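Take a look at the structure set out below.
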Amino acid sequence: MQIDFTKMSGAGNDFIVIDNRQSVFSLTHEQVRTMCARRTGIGADGLVLVETSESTDFRMNYHNADGYPGTMCGNGGRCAVWFAHLLGIRPAAGRYRFNAGPGTYEAEVTGEESVRLHMLPPTDFRDDMQAGAWNCHFVNTGSPHAITYVNDLDKIDVFAEGRAIRHREELFPGGANVNFLEVTAPDALSIRTFERGVEDETLACGTGTVAAALMSYRLGKVASSPVKVTVRSGETLMVGFNDAMDEIYLEGPARVVYRGTITL
Ligand SMILES: N[C@@H](CCC[C@H](N)C(=O)O)C(=O)O
């Protein structure tokens, strides 16, 4: 089976994006893992299928690199919108509505390879959860995120420490993505994320970035919206929100890296 794909980067969080509006592909867990494998496959944090939807412009069907369906992917959603724009799914519109999991999302193209995604309200804020030596907070922003604050982000062994927290099922049933945050200004953070389903540190995580900004505002660690969040790739994502946290956006780059064909 030959599959045409587009490799995309959402601030360094990278994805294999496939136009599956004709429902040609029904990829197995092993096929997704094979495609996402860094050394022997295309290599990606996840795989996005853009599919038809009866009620919106398209459906985003997201899988993590481990081959299993993921929960909401913020950077993947932003890449899917730019991909839809390039496909001309709604020519000259610029504003899109799409389904992802149980949710419906809105987004707009804000410039060349720049997308603003409107996120659903967060749920399940929790504080002061002790994961070994780490005092964690938790919130679900479409995906589950554990959050801990550090003073020197570059010195953290994100793989080892993040993996240990990720598997604390007694604290986070089903596991969680793990975010290490450093507050750098009254409106700015730096973040590093160990991602569930990738089982490694990623260069960015959209729902993690949103979790970081909302948690930090709620705890009084940042003073205003929007919050500028510097991710591991060095790029910046913007998170804007109102005090009620029922209007939230994630904005940043969504780039085409290359296009290719793979034979499975
Ligand atoms: N990188 C994504 C998060 C994808 C889902 C996450 N790995 C999970 O399984 O919870 C993002 O940009 O939000």
Side-chain angles (χ1 to χ4, degrees), residues 7-17 29 32-33 36 38 43-49 60-83 98 100-103 105 107 114-124 136 138-147 158-159 162-163 165-169 171-181 189 191-215 229-233 235-239 248-255:
K7 182 72 187 294
M8 298 188 73
S9 169
N13 208 181
D14 63 335
F15 307 97
I16 299 161
V17 186
H29 155 247
V32 175
R33 280 173 72 96
C36 292
R38 289 289 177 195
D45 293 332
L47 185 141
V48 172
L49 294 174
M60 177 176 78
N61 180 347
Y62 177 75
H63 288 70
N64 279 312
D66 65 4
Y68 293 106
T71 44
M72 180 53 187
C73 180
N75 286 325
R78 295 188 311 98
C79 285
V81 167
W82 182 247
F83 183 76
F98 67 95
Y105 292 80
S114 177
V115 174
R116 173 178 289 195
L117 172 62
H118 298 276
M119 303 298 287
L120 300 183
T123 58
D124 196 10
C136 296
F138 177 89
V139 62
N140 191 306
T141 52
S143 286
H145 288 277
I147 288 171
V158 170
F159 180 77
R163 183 173 57 176
I165 298 170
R166 173 261 186 273
H167 286 288
R168 297 296 292 258
E169 297 260 347
L171 297 175
F172 314 114
N177 302 279
V178 183
N179 304 273
F180 299 86
L181 303 189
L189 301 166
I191 185 171
R192 292 178 67 186
T193 301
F194 179 97
E195 244 192 81
R196 179 186 72 167
V198 179
E199 303 309 326
D200 201 348
E201 179 176 11
T202 56
L203 295 182
C205 178
T207 50
T209 296
V210 172
L214 298 182
M215 184 65 74
V229 183
T230 302
V231 297
R232 189 58 171 166
S233 66
E235 300 203 64
T236 298
L237 290 171
M238 299 293 287
V239 180
I248 302 160
Y249 70 77
L250 171 70
E251 183 169 359
R255 297 194 180 96

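Please read these numbers as outputs of a predicted model, since none were measured by experiment. All values below were derived from every heavy atom in this structure, side-chain atoms included, with hydrogens, water molecules and symmetry-related copies excluded. Atoms within each ligand, like the ligands themselves, are counted from 1 in listed order.
- Between the side chain of S233 and the main chain of A11, a donor-acceptor pair closer than 3.5 Å is present.
- Counting heavy atoms from C-beta outward, M60 and V81 have side chains that stay 4.5 Å or more apart.
- Among C79, G74, G142, A204, the residue whose heavy atom lies nearest to atom 11 (C) of ligand 1 is G74.
- Polar contact check, G206 against ligand 1: a nitrogen or oxygen pair lies under 3.5 Å apart.
- Remark: side-chain polar atoms of H145 are paired, donor with acceptor, to backbone N or O of G208 under 3.5 angstrom.
- No hydrogens or angles considered: nothing links the side chains of S9 and D14 as a donor-acceptor pair under 3.5 Å.
- Within the 4.0 Å heavy-atom shell around ligand 1 one does not find G197.
- Within the listing of ligand 1, atoms 1 (N), 2 (C), 3 (C), 11 (C), 12 (O), 13 (O) sit less than 4.0 angstrom from a heavy atom of C205.
- Less than 4.0 angstrom separates some heavy atom of P144 from each of these atoms of ligand 1: 10 (O).
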Inset, instruction - For the pair R166 and E199, evaluate side-chain contact (heavy atoms from CB on, under 4.5 Å) and give the outcome as yes or no after the intermediate values. - result: CA-CA 9 Å; R166 173 261 186 273; E199 303 309 326; 2.8 Å; yes

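- Contacts with ligand 1 closer than 4.0 Å are made by side-chain heavy atoms of N13 only, the backbone lying farther away.
- The shortest contact between atom 3 (C) of ligand 1 and any protein heavy atom is with E195 OE1, 3.5 Å.
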Legend entry - Trace of the ring-ring contact (aromatic ring centres under 6.0 Å, His included) decision for H29 with Y68: CA-CA 6 Å; H29 155 247; Y68 293 106; 4.2 Å; yes

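- You'll find the side chain of F159 reaches within 4.5 Å of the side chain of R163, heavy atoms only.
- Of all the heavy atoms of T202, none lies under 4.0 Å from any atom of ligand 1, so neither backbone nor side chain is involved.
- Close contacts between ligand 1 and N75 involve ligand atoms 11 (C), 12 (O) [criterion: under 4.0 Å to a heavy atom].
- Within the set T207, L117, T193, N177, the minimum heavy-atom distance to atom 8 (C) of ligand 1 is found for N177.
- Of all protein heavy atoms, the one closest to atom 2 (C) of ligand 1 is C73 SG, 3.3 Å.
- With a heavy-atom cut-off of 4.0 Å, N64 touches ligand 1 through its side chain alone.
- For the ligand labelled ligand 1, residue M72 lies inside the 4.0 Å heavy-atom shell.
- Considering backbone and side-chain N/O atoms, Y62 never comes within less than 3.5 Å of an N/O atom of ligand 1.
- Here R38 pairs with D45 in a salt bridge; the nearest charged N to carboxylate O distance falls below 4.0 Å.
- For the pair L181 and M215, the minimum side-chain heavy-atom distance is 4.5 Å or more.
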